[in-house]
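Have a look at the structure below before the remarks.
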Amino acid sequence: MSVPPKFVAVPALDLKSQYQSIREEIDPVVRRVIESQMFIQGAEVAQLEAEVAEYCGASFGIGCASGTDALLLPLMAMEIGPGDEVITTPYTFFATAGSIWRTGARPVFVDIEPETYNIDPSQIEAAITERTKAIIPVHLYGQSADMDAIDAIADRHGLFVLEDAAQAIGAGYQGRRAGVLGQVAAFSFYPSKNLGGFGDGGMMTTDDPALARKLARLRVHGMEPKYHHQEVGINSRLDALQAAILRVKLRHLNAWTEGRRAAAGRYNRLFGEMGLDGFATLPIERPGHHHVYNQYVIRVPAESRDGLRAHLSADQVGTEIYYPIPLHLQNCFTAMDHRPGDFPVAEAAARETIALPMYPELTEVQQAHVVGSIRAFVEARGADHSAGEKAA
Ligand SMILES: *Cc1c(COP(=O)(O)O)cnc(C)c1O
């Protein structure tokens with residue numbers, strides 16, 4: 001017997017079903033770490049570092065406490081600080097710009113491309129000054145930024161490129177993976193990321209041995225060897241429990257990524273079948289890219305967005321807005337003196353986008369419920385319109 005669609009709840013994120021599918025593998029490794037009572041760094045962390053580096057095609061992986069620290073530590077390693085500028089996108093999670101600010105440097109924003117929501121390389125050069133030291137492109141929602149164009153600009157101006165790959169582990173670009181598309185990359189193991197731990201965690205990847213060594217030192221207060229401090233670092237260690245869990249999950253990552261890509265394909269088909277491609281702009285995968293769909297984000301008319309979200313919520317469909325306020329308009333950055341209109345593409349995205357439920361375990365029945373609910377919203381709106389026209 002089929003379940004009436006209105007009783008199909010579709011949460012924005014569903015981590016429990018993933019845990020259920022692998023608990024036989026996870027529980028013993030958690031027990032193993034507990035029995036060992038070795039919680040900080042150690043062999044599990046070293047193995048995860050090697051495995052993530054290999055997965056990305058990088059020479060070195062350096063674990064740390066979060067994706068945020070994985071952005072901060074490379075900036076510290078490059079000795080970026082007061083008086084310096086770092087170019088990035090205003091349309092990202094706060095940590096990208098927050099980590100620049102923490103060093104004392106100034107984030108310099110460059111608007112995004114409307115189709116991918118990633119930084120627009122054609123606008124970067126105009127933002128470069130003699131103070132510019134680095135570019136942080138973000139691979140937003142799981143699709144790589146246009147790295148050939150960005151790396152070419154960085155080469156011309158002698159800039160350092162730090163990939164914010166927090167949402168993009170496994171994302172492909174011209175046959176390579178995120179993690180080797182700049183000098184260094186930052187990954188996050190926050191639970192909602194494609195490779196999520198049972199708490200916070202992060203990783204940096206690089207091919208540069210000197211940089212790898214410095215990053216490994218900076219995460220333990222600049223200490224090398226023990227109790228000899230070469231520079232002032234921070235405490236940003238990855239713990240062994242997270243590493244052990246992540247090592248199990250990494251073995252499933254490619255299958256989960258295929259699950260996400262299949263789910264994205266089903267959304268695309270359902271939007272077409274239900275005649276909604278005029279109402280919603282769907283995410284695109286650029287040629288030469290391998291999108292890993294950390295999020296499936298659609299764009300709808302701004303005046304419909306919040307109403308659609310409420311309608312979906314009433315139909316038990318969870319959604320999220322990534323991101324409602326672009327970073328140049330955040331309260332903490334008022335000193336930068338930005339105004340609405342400074343980055344119009346990012347501002348439009350903040351008004352028009354909505355992230356639909358996306359995880360590898362999503363079923364066709366759930367997705368049909370999501371898209372069916374959107375169709376019902378659009379049809380009701382159409383009826384309102386014609387009622388209004390008749391009355392006029
Ligand atoms: C999640 C995320 C981060 C920060 O990662 P944490 O592990 O939460 O510190 C940074 N940048 C982007 C784009 C992210 O999505």
Side-chain angles (χ1 to χ4, degrees), residues 12-13 15 48 52 61-76 86-103 107 109-110 112-113 116-119 134-145 147 150 161-171 178-179 181-182 184-205 215 219 234-239 241-243 245-246 249 260 283 291-297 320-328 330 332 346 349-350 353 355 358-359:
L13 183 67
L15 295 172
L48 178 72
V52 169
I62 305 97
C64 62
S66 68
T68 301
D69 283 355
L71 291 162
L72 177 64
L73 287 161
L75 295 172
M76 291 172 68
V86 178
I87 291 174
T88 193
T89 159
Y91 194 66
T92 173
F93 179 61
F94 179 76
T96 318
S99 59
I100 298 168
W101 191 270
R102 290 294 315 154
T103 67
F109 297 116
V110 167
I112 57 170
E113 303 173 329
T116 64
Y117 309 102
N118 282 327
I119 192 167
I135 307 174
I136 308 184
V138 179
H139 307 321
L140 202 70
Y141 306 145
Q143 176 160 238
S144 163
M147 294 304 294
I150 292 166
V161 176
L162 163 57
E163 295 172 72
D164 183 341
Q167 301 181 5
I169 191 162
L181 307 174
V184 58
F187 293 95
S188 165
F189 303 130
Y190 185 78
S192 66
K193 305 295 160 92
N194 287 21
L195 180 62
F198 289 6
D200 277 310
M203 179 80 69
M204 299 159 283
T205 55
L215 292 170
R219 73 175 164 183
I234 58 176
N235 169 15
S236 183
R237 298 174 295 230
L238 182 61
D239 75 71
L241 269 175
Q242 299 308 330
I245 291 162
L246 290 162
K249 294 185 88 173
R260 288 175 183 276
H291 198 323
V292 297
Y293 292 100
N294 179 242
Q295 301 296 340
Y296 184 92
V297 174
E320 196 45 83
I321 308 298
Y322 301 111
Y323 296 91
I325 304 171
L327 298 187
H328 64 287
Q330 293 288 348
C332 62
T353 56
M358 170 51 78
Y359 30 90

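Counting starts at 1 for both ligands and their atoms, in listed order.
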> At their closest point, which heavy atom of Ala145 faces which heavy atom of Ile150, and how far apart are they?
Replying inline: CB-CD1, 3.9 Å

> For ligand 1, is there an N or O atom under 3.5 Å from any N or O atom of Tyr190?
Replying inline: no

> Pick from Lys193, Gln167, Met203: which one makes a side-chain contact (heavy atoms from CB on, under 4.5 Å) with Ser188?
Replying inline: Lys193

> Numbering the atoms of ligand 1 from 1, which are under 4.0 Å from a heavy atom of Thr96?
Replying inline: 11 (N)

> Which atoms from ligand 1 have a heavy atom of Ala95 less than 4.0 Å away?
Replying inline: 4 (C), 10 (C)

>> Angle between ring planes, Tyr323 versus Phe93, binned at 30° and 60°: parallel, tilted or perpendicular?
In response: tilted

> Considering only heavy atoms, which of Asp164, Leu72, Thr68, Thr92 lies nearest to atom 10 (C) of ligand 1?
Replying inline: Asp164

> For Gly67 and ligand 1, does the shortest N/O to N/O distance drop below 3.5 Å?
Replying inline: yes

>> Check whether Thr103 reaches the backbone of Leu75 with its side chain - one donor and one acceptor, N or O, closer than 3.5 Å.
In response: no

>> Using heavy-atom distances only, which candidate in Ala168, Gly142, Ser66, Ala166 approaches atom 12 (C) of ligand 1 most closely?
In response: Ala166

> Does a donor on one side chain and an acceptor on the other come within less than 3.5 Å for Tyr91 and Thr353?
Replying inline: yes

> What atoms in ligand 1 come closer than 4.0 Å to a heavy atom of Val138?
Replying inline: 13 (C)

>> I need the nearest protein heavy-atom contact for atom 2 (C) of ligand 1: residue, atom name and distance, please.
In response: Lys193 NZ, 2.6 Å

>> For a side chain to side chain contact (heavy atoms under 4.5 Å, CB included) check, start with the C-alpha distance between Leu140 and Thr116, then their side-chain angles and the critical distance, and finish with the verdict.
In response: CA-CA 8 Å; Leu140 202 70; Thr116 64; over 6 Å; no

>> Take a 6.0 Å sphere around OH of Tyr359 and say whether it holds more than 12 heavy atoms from other residues, nucleotides or ligands.
In response: yes

> Which of the atoms in ligand 1, numbered in the order shown and given with their element, are less than 4.0 Å from a heavy-atom of Ser188?
Replying inline: 5 (O), 6 (P), 7 (O)

